[in-house]
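Here, residue 1 is the first one in the sequence, and each next residue gets the next number.
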Amino acid sequence: MQFLQNVFLAVIPFLLVLGVVVTVHELGHFLAAKALGTKIDRFSIGFGRAIAAWTDKSGVEWRLGWAPIGGYVRFAGDDNAASIPDAEDLKTMRRDLIEQGRGAEISRYFHFKPIWQRAIIVAAGPIANFLLAIAIFASLLMALGEWVVPARIAVVEPNTAAAAAGFRPGDTIISAAGRKISRFDDIKEVVAVRANVPTPFVVERDGRQVTLVATPRWRVSQDAVAGTQKLGSLGIRPAQQPSDFIQVRYNPIEAVARGTERTWRTLETTIYYLGRMITGQVHADELRGPLGIATVTKNVAQLGADGSSGPLDTVVRASLNLLQLAALISVSIGFMNLLPVPVLDGGHLMFYAYEAVARRPLAAKVQAAGYRVGLALVLGLMLFATWNDLQRLNVFNLFGGLFS
């Protein structure tokens, strides 16, 4: 029984969360292609040999691969999932279709679509991820609201960045690094990724606004979900009496606005932190790979199970927690896919930009070489992130004693 519970909390939630995010990403490509009249051969969730497959009335093969991490949409005329024909390939493809009496289908082939339509289809995947995050955040906010703590400082810890900058108990932070602050969690988001960066804060003190500059310091902390983390810290705490918590309710319009804001802030924070990592300002040991994501997913599900009153309550609590995690992962996947790396959506958009300027596709050999380099970069990044996971975790206890 314990074995089955550990499997449920570790493996199944991970596959469900990743499956939802990947499916929505691929549906973005699929629906945009359908809307633009593109012929589609296959919609696959997962890679490798098909576990299940069926063909709908429009001729699209729907497939579930045995390796559930990833997926793709295969358009008519694709020789591979990378979609990289050059001018000669397109000329041959056009001639073959005409010779087969299928010339009328040419306009439905992805590679014969105008550049702007191909760009929309490619960009629709990441956009779908952002829309998924907004939808999840908005739905949860509309259904449950949220409990917030005002951005008023109750305690300034001695010998910290906040103390050195001149923060005082009773100060209310109204902006940080140019970002409007309305709740204490907003401060944490700004500070966490700005260790060693002088950061301007505007506080309200005795009815007037005061500007302070603080440099957050690294602090290692333990988190119930993320485990050991090294983040920026100011050294301030809010009042945390029950009366200090405020429940905020949202109507549908407010929930969508707040969900959009949360999605944008997540994206903004990701871009900022990645920029610091690339420039060597922060160490890359905080990158997480599949093992790290699986661990976080397990911890999120476990938090939902702890303190539940029964099986149904456990499922509801765990599902709500996993939905929030899915939103965060969806933002990350949407952003990563827009990076200008061949094999990712951003790489295809980069090739289309070249085609728009040069008025011809980039040579297939060059695209194929870029594809291999891009694949090597992505795999190398995954291996590095997995090594970080193994360093951060005891791999034999990765799933909380799976076999105990």
Side-chain angles (χ1 to χ4, degrees), residues 12 14-86 89-90 92-115 117-129 131-132 290 326 330 333-334 337 342-349 351-352 361 364 367-368 371-372 374-375 378:
I12 296 178
F14 170 69
L15 295 179
L16 285 176
V17 167
L18 202 60
V20 167
V21 172
V22 170
T23 298
V24 169
H25 178 95
E26 297 304 327
L27 276 174
H29 294 310
F30 178 86
L31 293 175
K34 277 287 188 181
L36 293 171
T38 307
K39 182 176 173 57
I40 300 171
D41 288 342
R42 178 183 298 162
F43 183 98
S44 178
I45 298 301
F47 294 98
R49 187 182 298 276
I51 298 175
W54 65 96
T55 302
D56 64 21
K57 294 181 180 179
S58 66
V60 178
E61 178 194 11
W62 296 79
R63 170 183 290 207
L64 180 64
W66 69 268
I69 300 179
Y72 62 91
V73 177
R74 180 168 179 172
F75 302 109
D78 281 353
D79 291 325
N80 52 58
S83 307
I84 52 172
D86 66 0
D89 293 328
L90 293 176
T92 300
M93 189 187 305
R94 183 187 294 271
R95 184 183 66 243
D96 291 344
L97 287 172
I98 293 174
E99 290 177 352
Q100 295 168 15
R102 299 165 58 196
E105 295 184 19
I106 290 176
S107 63
R108 298 186 61 210
Y109 271 51
F110 175 80
H111 300 296
F112 294 117
K113 290 286 184 181
I115 294 175
Q117 291 191 14
R118 281 178 278 151
I120 288 175
I121 293 169
V122 168
I127 290 173
N129 283 129
L131 293 177
L132 172 63
S330 191
I333 287 181
N337 269 279
V343 75
L344 300 179
D345 294 329
H348 291 298
L349 292 174
F351 289 152
Y352 297 154
Q367 292 188 56
Y371 178 86
R372 288 191 291 271
L375 184 61
V378 172

**OP:** Could you tell me which non-hydrogen atom of Gly334 sits nearest to which non-hydrogen atom of Pro126, and how far apart they are?
**Re:** O-CB, 3.4 Å
Original post:
Under 3.5 Å, side chain of Arg102 to main-chain N/O of Leu97, donor-acceptor pair present?
Top reply: no
**OP:** Assess whether ring pair (Phe, Tyr, Trp, His ring centres under 6.0 Å) is satisfied between Tyr72 and Phe43, documenting all intermediate values.
**Re:** CA-CA 6 Å; Tyr72 62 91; Phe43 183 98; 8.9 Å; no
**OP:** Decide yes or no on side-chain contact (heavy atoms from CB on, under 4.5 Å) for His25 and Asp345, but give the supporting numbers first.
**Re:** CA-CA 11 Å; His25 178 95; Asp345 294 329; 3.1 Å; yes
Subject >> side-chain contact (heavy atoms from CB on, under 4.5 Å) between Lys34 and Val60, intermediate numbers included >> reply: CA-CA 11 Å; Lys34 277 287 188 181; Val60 178; 4.1 Å; yes
Subject >> Heavy-atom pair with the smallest gap, counting every atom of Ile45 and Thr23 >> reply: CD1-OG1, 3.4 Å
Subject >> Approximate separation, where rounding is to 0.5 Å, of Ile115 CD1 and Gln117 CD >> reply: 11.5 Å
Original post:
So, do Ile40 and Phe110 sit near enough that their side-chain heavy atoms are less than 4.5 Å apart?
Top reply: no
Subject >> Shortest non-hydrogen contact between Val21 and Asn129, atoms and distance >> reply: O-ND2, 3.3 Å
**OP:** List the atom of Gly28, the atom of Ala128, and the distance in Å for their closest heavy-atom pair.
**Re:** CA-CB, 3.8 Å
Original post:
CZ/Arg118 to NE2/His111 distance, rounded to the nearest 0.5 angstrom?
Top reply: 8.5 Å
Subject >> His29 side-chain N/O to Val73 backbone N/O, donor-acceptor pair under 3.5 Å >> reply: no
**OP:** Enter the distance from Leu36:CG to Ile120:CD1 here, rounded to the nearest 0.5 Å.
**Re:** 6.0 Å
Subject >> With Phe112 via ring-ring contact (aromatic ring centres under 6.0 Å, His included) - residues at least two apart >> reply: none
Original post:
Just how far is it from atom CG of Leu31 to atom CD of Glu26, taken to the nearest 0.5 Å?
Top reply: 11.5 Å
Original post:
Has the side chain of Lys39 got a donor or acceptor atom that lies under 3.5 Å from a matching backbone atom of Ile106?
Top reply: no
Original post:
Any Lys/Arg nitrogen of Glu105 or Arg108 sitting under 4.0 Å from an Asp/Glu carboxylate oxygen of the other?
Top reply: no
Original post:
Within the side chain of Ser44, is there an N or O that forms a donor-acceptor pair under 3.5 Å with the backbone of Gly71?
Top reply: no
Subject >> Distance in Å, Phe30 CZ paired with Ile121 CD1, rounded so as to fall on 0.5 Å steps >> reply: 11.5 Å
**OP:** Heavy atoms only: give me the nearest Val378-Val343 pair and the separation to one decimal.
**Re:** CG2-CG1, 4.0 Å
Original post:
Looking at residues at least two apart in the chain, or sitting in another chain, which of them share a side chain to side chain contact (heavy atoms under 4.5 Å, CB included) with Arg372?
Top reply: Ala368, Ala369
Subject >> Gly48 to Trp66 - nearest heavy-atom pair and separation >> reply: CA-NE1, 3.3 Å
**OP:** Check whether any side-chain heavy atom of Pro342 lies under 4.5 Å from a side-chain heavy atom of Phe351, and answer yes or no.
**Re:** yes
**OP:** Would you please name every residue forming a ring-ring contact (aromatic ring centres under 6.0 Å, His included) with Tyr109, sequence neighbours left out?
**Re:** none
Original post:
Is the number of heavy atoms from other residues, nucleotides or ligands within 6.0 Å of CH2 (Trp62) greater than 12?
Top reply: yes
**OP:** Mind checking the CZ-CZ spacing from Arg63 to Arg74? Nearest 0.5 Å is all I need.
**Re:** 9.0 Å
